[in-house]
Amino acid sequence: MRARITARPAYRCAVCGKGRSTARVLDTGHGARWLDLCLSHGLAVLEPSLRMPTTTEGILADLREVVAEVAAETGRTPDVRLWTDETGWQDMPMDDQNRYHVTLILDGRPARHGWWAVETVAREKFTLWVSECSGKTGSSVILADEHTGVVLTTWPQQP
C-alpha cells in the first residue's frame, strides 16, 4: 500500500483525475484491483466508524462532551464557534443544551460527565460508556433528565 501511495509519478484519482493521496484494493468480482482517490473522494467513500457520530446532533454532542472535559480540567469554558452551510458562523450555545446528563462513576467518584439536548443521543452515550466500563468493579453510569430531576436509567440496574 505504501509503495502505491508514494509511487512517482503519482497515480491519479479515478474520479476527478487530480493527484491522489489514498489507495485501496477492491474486489471487483474479476480479481483484486487498485482504486486511487484524491483526499476529497477518498473521504466521500470512507465508511464511518461504528463509534463515529453520523448526525449533526451526534457530532455536536461529542463536541459538547470535549468542551465539558476541557472546562473541568482548566476551569474555563472555551468559546466555540460552529459553521454550517445553512447559517454560516454562529456561537455554539453550551448552556441551553444541557437537559440530559450522563455521569460515569468509578470507585465511588464521578469520573466523567456529559450533557446533551437530545435524549436519544444521551442514551447512545450512556450505552457507549456502559460498554467502556463494563467489567470494572465499582463502576456505574447514570442518565438523568436535568429538567425534571428524574433518573431515566442506571447501570448496573438498581433494584
Side-chain angles (χ1 to χ4, degrees), residues 1-107 110-136 139 141-143 153 155:
M1 181 73 67
R2 181 177 302 219
R4 180 77 179 190
I5 292 172
T6 59
R8 296 292 177 243
Y11 291 91
R12 296 292 190 194
C13 175
V15 178
C16 67
K18 294 180 182 175
R20 128 324 284 129
S21 62
T22 66
R24 63 190 71 193
V25 177
L26 296 179
D27 182 2
T28 63
H30 300 288
R33 301 287 188 262
W34 284 106
L35 175 63
D36 300 296
L37 298 170
C38 65
L39 182 60
S40 295
H41 289 110
L43 290 173
V45 297
L46 184 67
E47 290 290 327
S49 163
L50 294 177
R51 292 184 156 182
M52 179 187 294
T54 57
T55 64
T56 302
E57 292 80 14
I59 294 166
L60 293 176
D62 279 359
L63 182 56
R64 284 189 186 90
E65 181 180 345
V66 170
V67 168
E69 290 174 8
V70 168
E73 289 180 19
T74 65
R76 295 179 24 216
T77 302
D79 293 326
V80 179
R81 299 194 76 212
L82 175 68
W83 169 267
T84 63
D85 291 337
E86 295 83 27
T87 60
W89 284 107
Q90 60 184 353
D91 291 332
M92 186 171 143
M94 299 307 294
D95 295 330
D96 62 348
Q97 300 288 324
N98 299 335
R99 177 168 184 170
Y100 300 99
H101 181 201
V102 180
T103 307
L104 169 63
I105 299 171
L106 297 175
D107 297 322
R112 186 196 262 175
H113 292 274
W115 290 265
W116 292 274
V118 180
E119 183 177 355
T120 55
V121 173
R123 287 186 180 276
E124 288 172 4
K125 287 296 180 178
F126 174 88
T127 302
L128 177 65
W129 291 8
V130 167
S131 70
E132 288 176 356
C133 72
S134 63
K136 294 180 183 175
S139 61
V141 184
I142 302 166
L143 170 60
T153 188
W155 176 88

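Being a predicted model, the structure only gives us computed values, none of them experimental.
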| said: What I'd like to find out is whether the side chain of Phe126 reaches to under 4.5 Å of the side chain of Tyr100, using heavy atoms alone. | reply: no
| Contact list for residues 118-127, test side-chain hydrogen bond (donor to acceptor under 3.5 Å, both in side chains), sequence neighbours left out | Asp62-Lys125, Glu65-Lys125, Glu119-Arg123
| query | Given side chains that start at C-beta, do those of Val141 and Val102 come closer than 4.5 Å, heavy atoms only? | reply | yes
| Beyond-backbone contact of Cys133 with Leu104, side-chain heavy atoms, under 4.5 angstrom | yes
| message | Does any part of the side chain of Asp36, heavy atoms only, come nearer than 4.5 Å to the side chain of Arg4, both counted from C-beta? | response | yes
| Trp116 vs Trp129 aromatic rings, parallel, tilted or perpendicular, using cut-offs 30° and 60°? | perpendicular
| request: Determine yes or no for a side-chain-to-main-chain donor-acceptor pair under 3.5 angstrom, with Thr22 supplying the side chain and Gly42 the backbone. | output: no
| task | Look up atom CG in Leu35 and atom SG in Cys13, then write down how far apart they are to the nearest 0.5 Å. | result | 8.0 Å
| field | Residues that Arg24 engages under salt bridge (Lys or Arg N to Asp or Glu O under 4.0 Å), provided they are two or more places apart | value | none
| field | Pair listing, salt bridge (charged side-chain N to carboxylate O under 4.0 Å, His left out) test, anchored in residues 8-19, at least two apart | value | none
| query | Looking at NE2 of His113 and OG1 of Thr103, how far apart are the two atoms once the value is rounded to the nearest 0.5 Å? | reply | 5.0 Å
